[in-house]
Engineer: 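Dropping a structure here in C-alpha cells format, bear with me for questions.
Below, chains carry the letters A, B, ... as their sequence lines are ordered, and counting in each starts from 1.
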Amino acid sequence: MVRNSLIQLLKTAVKILVEKNGFSADVEDLVEVEPPKQAEHGDFATNFCLVASKKLGQNPRVLAEMLVEAIREADQNQLVTEIDIAGPGFINFKLSATQVAAHIGTVLEKAEDFGRLENDSPERINVEFVSVNPNGPITIGSGRGAALGSALCNVLEAAGNEVHREYYINDGVNSEQMRLFAESVKAIIEGRPVPDNGYKGDYVYDVAQSIKSSSGNNQSNFAPVHFEPDAIAPMPFFEIPRFLHESGQTLAIITVDGATAKVSIEGDVRAEMPAEIAHKFVCSCENQCPPKTHRFAASYNGQTMYVDSASYAVESTFSISSVLPGHSLDLYRVASQDLMVDRQRSNLSAFQTNFDTWFSEQSLHDSGEVEKELDHLIKSNVADDGPYRIKLDMAKGGMIKDVIREEQPVDEDDAEDSLPEDRGGIEGGVENSSPSKTVWLRSTKFGDDQDRVLRRKDGRLTYIASDVAYHKDKFSRPADATKLITVLGPDHHGYIGRLTAVVAAMHADQAEPINNSEPLSEIEAKLYSSVEERNRCQASLAWAKEHLEVQIFQIVRFLKDGKPAPMRKRDGNIYALIDLVNEIGETIRPNGTEAEKQQAGSDVARFFYLMRHHDTAMDFDLELATKQSDENPVFYVQYAHARISSVIEKAKEQGFTLPPLRANGEGERGGEVTGALNFNHGLLNHPKEIALILKICDLPHEVERTAKDYSVNRLTTYAIELARTYHSFYDSCRVIQSDQPELTLARLAMCQATRIALKNALNLLGVSAPERMDRTVTN
RNA sequence: GGCCCCGUAGCUCAGUGGAUAGAGCAACGGCCUUCUAAGCCGUUGGCCGCGCGUUCGAAUCGCGCCGGGGUCGCCA
C-alpha cells in the first residue's frame with residue numbers, strides 16, 4: 001500500500017546513494033517508515049539516516065541531504081510532494097494526495113481480501129486453545145483464551161498461513177478430576193449426597209438431570225429415551241462391554257415404536273479403534289425397518305461413539321429391551337463428559353469460536369499411541385525406570401546452579417494407591433504393563449527443571465505421557481505442520497518448560513547433533529553421559545523451541561459493582577462464558593431474537609477481552625460491558641460501520657451507483673459493475689480524506705505485525721482509530737452533495753473502502769459489523 | 001527462593017529505540033431545519049514507580065531496587 005510504495009522508493013534511493021558514494025555497507029534493510037506523531041511533520045517519516053549513519057560513517061544530517069537528493073532522482077512518479085530534514089536527521093515526507101487516493105481503488109478491488117497478505121513462506125500452524133477439562137462449562141476466565149485463540153487464528157490465516165484450530169479434550173480415563181466429576185454426577189442421579197471433594201455446582205445437577213432424563217434411569221440401563229433426529233443430544237447411552245467386539249455379535253436389541261432393531265459390530269472393532277469405530281457399528285432392523293437413519297451414542301471401552309441407527313419420527317421412543325448389565329462409573333463418566341463437551345462446543349460457537357478438531361486424549365490410549373511413544377522414548381534413551389529423579393537448582397538468568405539427584409525408594413510399601421474398584425479393567429495401559437517401577441521422562445536433559453513421571457509405580461500413565469504422543473500426533477494437523485502454537489491460561493505458566501521438553505524428547509532421536517566439541521562441564525556430566533548425547537539433546541531442544549510456541553494469557557479480574565466477582569464461587573458454581581454473553585445480550589438488545597442477543601453479547605465480550613494485550617492482567621468491568629453507552633468502545637466502532645452503511649444506503653436512494661464489493665455471498669452489491677469504479681480520486685485531497693485513506697491502508701501492515709508478535713489487541717486499537725478517523729472525516733466532509741456528483745462518488749468510494757477495512761478488521765476479531773444500529777434505550 | 005506479568009492523566013488503558021508521550025471515560029465549553037449526535041471540535045489534566053547503564057536518542061533495551069498480581073503436583 002502507501003507505506004510500501006514509499007519504502008520501495010527509499011530503497012531505490014538508498015541504492016543510488018550507495019553506488020554514487022561507493023559505500024560498501026549493506027544498509028537497504030534498515031529502511032523503515034512510520035507516521036510521525038505530529039501531523040505537521042507530514043504523512044511519513046524515516047529515521048534511516050540516524051540508523052545508518054554509523055555503518056556508513058557519515059553524519060546523519062549530511063547523509064540526509066545526500067539521501068534527499070537521491071530520493072528526488074528516484075521519485076519518477078512524484079509520490080513525494082514535500083520533503084524536509086528535521087531534528088537530528090529525520091526525513092519527513094508529504095505524499096501526493098492523488099497517489100494516496102489512488103489506493104482506494106485497490107481496496108475496493110480486494111474487497112474482503114483486503115488485509116489478507118501474500119506470503120512467500122507460509123507456515124502450516126496448529127493452534128491449540130481453550131482445551132479445558134470436560135468437567136464444567138467454559139468459564140469467563142477461559143473466555144479470554146477463546147477470544148485470543150480464535151482471533152489469532154484468523155490473523156495468522158489472513159497473513160497467508162495455513163491454520164488448524166484444535167481443542168484437546170482431557171478425557172483420559174486416568175483423570176482423577178473426571179473420575180470425581182463422574183462420581184458426583186452418579187451420586188446425584190442415584191440420590192446420594194455428592195462426595196465431599198466432589199463437584200457441587202448447579203450445572204452438575206443440571207448434567208445429572210439431563211443424563212437422567214435422557215436415559216430414564218431405570219436402574220439396569222438407560223432406556224427408554226427420547227431421541228430427536230439430527231440432534232446429538234440428548235441421546236441414549238448404553239455400554240458395550242469390552243469383550244464384545246467380534247464381528248456380527250449382537251450388542252443390544254433396541255425397540256423403535258414397536259419395531260425391533262439389533263445393534264451389532266461389523267468387522268474387528270479393536271483393530272479399527274478409535275476413529276473409524278462409529279462406522280463399524282450397524283443397526284439392523286429385524287422387521288419394518290424405518291426409512292431414515294439417525295445416530296445414537298454407545299459407550300465402548302471408555303469412549304463414546306455415535307452410531308447410525310434407525311429412527312424416523314421426532315418424538316419416537318427408543319427402548320433398549322436387552323442390554324448386558326453392568327453400568328460402571330465409567331458409563332457416567334462418558335455420559336457426563338460427553339454432555340459437557342457438547343455444551344462447551346455450542347457455548348464456544350456462540351462466542352464465534354470454532355475448531356477444526358476436537359481431539360480426544362483417550363483416543364491416544366485406545367489406539368496404543370501412548371504406549372508406543374513411551375517405548376520410543378525409552379529406546380531414545382530419554383526415559384527410563386531408574387530409581388531417581390534429577391532436579392535442577394536454577395540461578396538467576398536460567399543458569400544451572402546445581403544438579404540434584406534424588407534417590408527414589410524402591411520398596412513397595414504404598415500399594416494403597418491402587419485403583420478404585422469401579423475403574424478396573426478399562427485403564428489405558430494398565431493391563432499390559434508390569435507395574436512396579438516408576439518410569440521417568442528425563443526432561444532435565446531438555447531444560448526442564450525436574451524429571452517428570454510418565455508412568456506411576458502402579459502402572460497408570462500420567463497426563464504428560466499422553467502429551468508426548470499427542471504432540472507427535474499434532475504435527476499431522478495440518479499435514480506436515482511447521483509450527484505448534486499452544487494458548488494457555490496463567491495457571492499453566494509453569495508448563496512451558498515441560499511442554500518444550502516433551503517436544504524435544506519426542507524428537508530426540510531425529511535431531512542432528514549440534515557441533516560442539518567442548519568436553520562436558522561438571523554440571524553437564526550429571527545430566528548427559530557423553531558429549532554426543534549433550535549435543536543431540538541440545539539440538540533437539542532448539543528444534544522444539546523453534547516448533548512449539550506457548551502463549552500465556554494473564555488473568556482476567558471480573559468486577560461487579562466495583563468489586564471482584566469470582567469465577568468459581570464457594571458453592572461450586574461457576575460463572576460461565578455463555579452466561580456472560582447472554583447477560584450482555586439481554587441488556588443491550590432486550591428486544592432482539594436469541595441469535596441477535598448472543599451476537600451482541602459475544603461482540604461486546606470479545607472486544608473487551610481483545611482490547612488488552614493478552615500478556616497483561618486485565619479488569620473486565622461487567623457493568624461497563626452490559627451498559628449500552630458511549631463508554632463502550634465496541635459500539636463506537638460498530639457505529640462507524642453502521643453510519644457508513646447508512647450513508648451508502650442513502651446515496652443509493654438518491655441514484656448514485658456505488659463501486660461494488662466483490663461478491664461474497666452476503667451484504668449489498670451496489671448496482672452495476674460496469675464503470676462503477678470510475679470515480680475521480682483526484683478530488684480527494686482534504687486533510688481528513690488523506691488521513692482516512694492512510695489509515696485504511698494501514699490494515700495489511702497491522703495484520704503483518706500482529707501475525708508476527710500475536711498482539712491481537714493491536715487490531716482493536718486499529719479498529720477504534722479507523723472509526724475515529726472516519727467519524728472525524730464524516731464531520732468535516734459531507735459525502736452526499738447532489739450538486740457535486742463527482743465528489744460525491746469519490747467520497748462514496750472512500751466510504752466503501754472504510755467499510756471494507758472496518759469490516760475486515762472486525763472479522764479478524766470475530767466481532768460483527770452491523771449495517772444499522774438503533775438505540776433501543778436512551779439514558 | 002526460581003520463573004512469568006504489570007506499574008503511563010483522577011479511572012480504564014494504547015503506544016514499532018525517535019521529534020512536544022496518546023485515546024476512552026470522568027470535568028468544563030461549543031456543534032444537529034441537510035448523509036445515524038452511540039458522533040464531532042475545543043479546554044483542563046503527566047518526575048511514563050525509583051535509580052544506574054547502553055545509545056546521537058529510552059515509556060520502550062539491560063542491570064539493581066520498590067510496589068502489585070500470578071505460578072512453581074506421581075492434578076489435568
Side-chain angles (χ1 to χ4, degrees), chain A residues 32 34 36-38 41 45 47 50-51 53-54 59-60 86-90 92 131-133 135 168 170 172 174-178 180 361 389 392-396 398 401 408 417 438 440 449-450 452-458 460 462-464 466-467 490-497 552-555 557 611-613 615-619 621 624 628-640 642-651 653-654 701 705 709 713-714 716-717 720-721 723-724 726-732 734-737 744 747-748 751 772-775 778:
Chain A
E32 272 179 37
E34 60 180 51
K37 281 176 190 157
Q38 271 68 40
H41 290 148
N47 59 359
L50 294 161
V51 178
S53 73
K54 193 168 271 180
N59 173 296
F90 294 103
N92 294 330
S131 298
V132 300
N133 291 333
N135 57 5
Y168 187 50
N170 300 135
N174 284 325
S175 164
E176 289 296 316
Q177 295 174 27
M178 288 315 298
L180 205 53
E361 178 194 351
R389 154 185 262 183
L392 302 184
D393 188 8
M394 303 296 268
K396 191 138 188 140
K401 217 193 295 177
Q408 301 287 315
D417 255 26
T438 304
W440 298 90
D449 59 353
Q450 57 179 298
R452 307 287 168 175
V453 174
L454 288 169
R455 183 152 56 202
R456 303 171 176 99
K457 206 188 294 183
D458 64 16
R460 290 184 304 156
T462 62
Y463 180 75
I464 205 170
S466 22
D467 243 8
D491 49 334
H492 287 71
H493 163 255
Y495 206 66
I496 300 177
I552 304 285
F553 61 89
Q554 299 293 327
I555 54 162
R557 222 171 33 137
M611 269 196 303
R612 310 292 176 232
H613 192 282
D615 205 13
T616 96
M618 68 174 279
D619 284 333
D621 189 328
L624 185 58
Q628 179 182 323
S629 80
D630 326 348
E631 299 167 50
N632 202 327
V634 65
F635 297 134
Y636 182 83
V637 175
Q638 289 184 324
Y639 179 69
R643 208 178 204 188
I644 297 168
S645 304
S646 170
V647 171
I648 289 174
E649 200 51 42
K650 185 79 76 181
E653 279 169 23
Q654 298 189 14
H701 183 237
R705 290 175 61 203
D709 68 6
N713 67 303
R714 179 176 296 121
T716 61
T717 308
I720 292 170
E721 282 173 2
R724 179 167 42 244
Y726 180 80
H727 284 313
S728 180
F729 150 80
Y730 175 90
D731 195 67
S732 308
R734 196 182 162 76
V735 177
I736 302 172
Q737 301 181 61
T744 301
R747 286 186 172 166
L748 279 172
C751 287
R772 52 181 302 133
M773 279 171 82
D774 303 301
R775 221 190 235 286
T778 32

Engineer: Looking only at the side chain of A/Asn170 (C-beta and beyond, no hydrogens), which of the listed nucleotides B/A76, B/C4, B/G73 gets closest?
Structural biologist: B/A76
Engineer: Considering all heavy atoms of both residues, which atom of A/Ala651 and which atom of A/Ile736 are nearest to each other, and what is their separation?
Structural biologist: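 Distance-wise, the nearest heavy atoms are N-CD1, 3.6 Å.
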Engineer: Rounding to an integer number of angstrom, what distance separates B/G30 and B/C35 when you compare their C1' atoms?
Structural biologist: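 Their C1' atoms lie roughly 22 Å apart.
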Engineer: Where are the stems of RNA chain B, defined as at least 3 consecutive Watson-Crick or wobble G-U pairs with both distances under 3.5 Å?
Structural biologist: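 In RNA chain B, stems of three or more pairs: B:1-7 with B:66-72, B:10-13 with B:22-25, B:27-31 with B:39-43, B:49-53 with B:61-65.
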Engineer: What's the CG-P distance between A/Leu392 and B/G2, to the nearest Å?
Structural biologist: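 Distance check: A/Leu392 CG to B/G2 P gives 15 Å.
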Engineer: On a whole-Å scale, what distance lies between the C1' atoms belonging to B/U12 and B/U16?
Structural biologist: 23 Å
Engineer: Expressed in whole Å, how much space separates the C1' atoms belonging to B/C32 and B/G69?
Structural biologist: 47 Å
Engineer: Give me the distance, rounded to whole Å, that separates B/A58 from B/C50 when you measure between the P atoms they each carry.
Structural biologist: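 The answer is 15 Å between these two P atoms.
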Engineer: What's the closest nucleotide to the A/Asp491 side chain, out of B/G69, B/C75, B/U71?
Structural biologist: B/U71
Engineer: For A/Arg389, report the nucleic acid contact type (base, sugar-phosphate, nothing); a contact means any heavy atom under 4.0 Å.
Structural biologist: sugar-phosphate
Engineer: The criterion is side-chain hydrogen bond (donor to acceptor under 3.5 Å, both in side chains); which residues satisfy it with A/Tyr463, sequence neighbours excluded?
Structural biologist: A/Asn170
Engineer: Tell me if B/C32 is syn or anti. Syn = glycosidic torsion within 90° of 0, anti otherwise.
Structural biologist: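 Base orientation relative to the sugar is syn.
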Engineer: Please report the C-alpha distance between A/Asp458 and A/Arg460 in whole Å, then the side-chain angles of each, then the deciding distance to 0.1 Å, and finally whether the salt bridge (charged side-chain N to carboxylate O under 4.0 Å, His left out) criterion is met.
Structural biologist: CA-CA 6 Å; A/Asp458 64 16; A/Arg460 290 184 304 156; 3.2 Å; yes
Engineer: Assign the ring pair A/Tyr726 / A/Phe729 to parallel, tilted or perpendicular, where the plane angle (0 to 90°) is split at 30° and 60°.
Structural biologist: tilted
Engineer: Measuring from the side chain of A/Gln554 (C-beta onward, heavy atoms only), which nucleotide among B/U55, B/A23, B/C5 has the closest atom?
Structural biologist: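 That would be B/C5.
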Engineer: Pick the P atom in B/G10 and in B/G45, then give their distance to the nearest Å.
Structural biologist: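 Per the computed distance, 11 Å lies between those P atoms.
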Engineer: Got a second to check how far A/Glu721's CD is from A/Arg714's CZ, nearest 0.5 Å?
Structural biologist: 11.0 Å
Engineer: Want to settle it: does A/Asp615 or A/Ser53 sit nearer the 5' end of RNA chain B, counting the closest nucleotide to each?
Structural biologist: A/Asp615
Engineer: Summarise protein proximity over nucleotides 8-20 of chain B in one line of letters, 5' to 3': B for base, S for sugar-phosphate only, - for none, counting protein heavy atoms closer than 4.0 Å.
Structural biologist: ----SSSSB-BBS
Engineer: What is the distance, rounded to the nearest whole Å, between atom OH of A/Tyr636 and atom C1' of B/G24?
Structural biologist: 9 Å
Engineer: How does protein contact run along nucleotides 29-37 of chain B, one letter per nucleotide 5' to 3', with B for base contact, S for sugar-phosphate only, - for none, heavy atoms under 4.0 Å?
Structural biologist: -----BBBS
Engineer: Return the set of residues passing side-chain hydrogen bond (donor to acceptor under 3.5 Å, both in side chains) with A/Tyr730 (not counting sequence neighbours), or none when no residue passes.
Structural biologist: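 Testing A/Tyr730 for side-chain hydrogen bond (donor to acceptor under 3.5 Å, both in side chains), a comparison that skips the adjacent residues, returns none.
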Engineer: Rounded to the nearest 0.5 Å, how far apart are CD1 of A/Ile552 and CG of A/Asp615?
Structural biologist: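 Going from the CD1 atom of A/Ile552 to the CG atom of A/Asp615 covers 8.5 Å.
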Engineer: Any side-chain to backbone donor/acceptor pair from A/Thr438 onto A/Arg456? Under 3.5 Å, distance only.
Structural biologist: no
Engineer: To the nearest Å, give me how far apart NE2 (A/His492) and C1' (B/C75) are.
Structural biologist: 10 Å
Engineer: Give a yes/no answer on whether the side chain of A/Arg456 brings an N or O atom under 4.0 Å of OP1 or OP2 in B/C75.
Structural biologist: yes
Engineer: Rounded to the nearest Å, what distance is computed from the CD1 atom of residue A/Ile555 to the P atom of nucleotide B/G70?
Structural biologist: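 Spelled out: CD1 on A/Ile555 to P on B/G70 is 6 Å.
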Engineer: Search all heavy atoms of A/Met611 against all heavy atoms of A/Asn713 and return the closest pair with its distance.
Structural biologist: O-CB, 3.5 Å
Engineer: Rounded to whole Å, how long is the line connecting atom CG of A/Asp449 with atom P of B/C4?
Structural biologist: 12 Å
Engineer: Taking only the C1' atom of each, what is the distance from B/G46 to B/A21 in whole angstrom?
Structural biologist: 9 Å
Engineer: Taking CZ from A/Arg452 and P from B/G73, how many angstroms apart are they, rounded to a whole number?
Structural biologist: 7 Å
Engineer: Tell me: CG of A/Asp467 to P of B/C74, nearest whole Å?
Structural biologist: 15 Å
Engineer: Could you report the tightest heavy-atom contact between A/Pro60 and A/Pro88, atom names first, then the distance?
Structural biologist: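 Closest pair (atom of A/Pro60, atom of A/Pro88, distance): CB-O, 3.5 Å.
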Engineer: With A/Arg452, which residues qualify under salt bridge (Lys or Arg N to Asp or Glu O under 4.0 Å), at least two apart?
Structural biologist: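 Testing A/Arg452 for salt bridge (Lys or Arg N to Asp or Glu O under 4.0 Å), a comparison that skips the adjacent residues, returns A/Asp448, A/Asp449.
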Engineer: Quantified in whole Å, what is the P atom distance between nucleotide B/C47 and nucleotide B/C65?
Structural biologist: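 It comes out at 26 Å once rounded to the nearest Å.
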Engineer: Please work out if A/Glu361 contacts a base, only the sugar-phosphate, or nothing of the nucleic acid, heavy-atom cut-off 4.0 Å.
Structural biologist: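 Answer is sugar-phosphate: A/Glu361 comes under 4.0 Å of backbone atoms only.
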Engineer: Roughly how far apart, to the nearest Å, are B/G62 and B/U43 at atom C1'?
Structural biologist: 41 Å
Engineer: Under 4.0 Å, heavy atoms only, any strand: does A/His727 hit a base, just the sugar-phosphate, or nothing?
Structural biologist: sugar-phosphate
Engineer: Ignoring hydrogens and angles, tell me if any N or O in the side chain of A/Thr744 forms a donor-acceptor pair with the backbone of A/Gln737 under 3.5 Å.
Structural biologist: yes
Engineer: Separation of A/Arg724 atom CZ from B/G22 atom C1', in whole Å?
Structural biologist: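 For the pair A/Arg724 CZ and B/G22 C1', the rounded distance is 9 Å.
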Engineer: With a 3.5 Å distance limit and no angle check, can you tell me whether A/Arg747 reaches the backbone of A/Arg734 through a side-chain donor-acceptor pair?
Structural biologist: yes
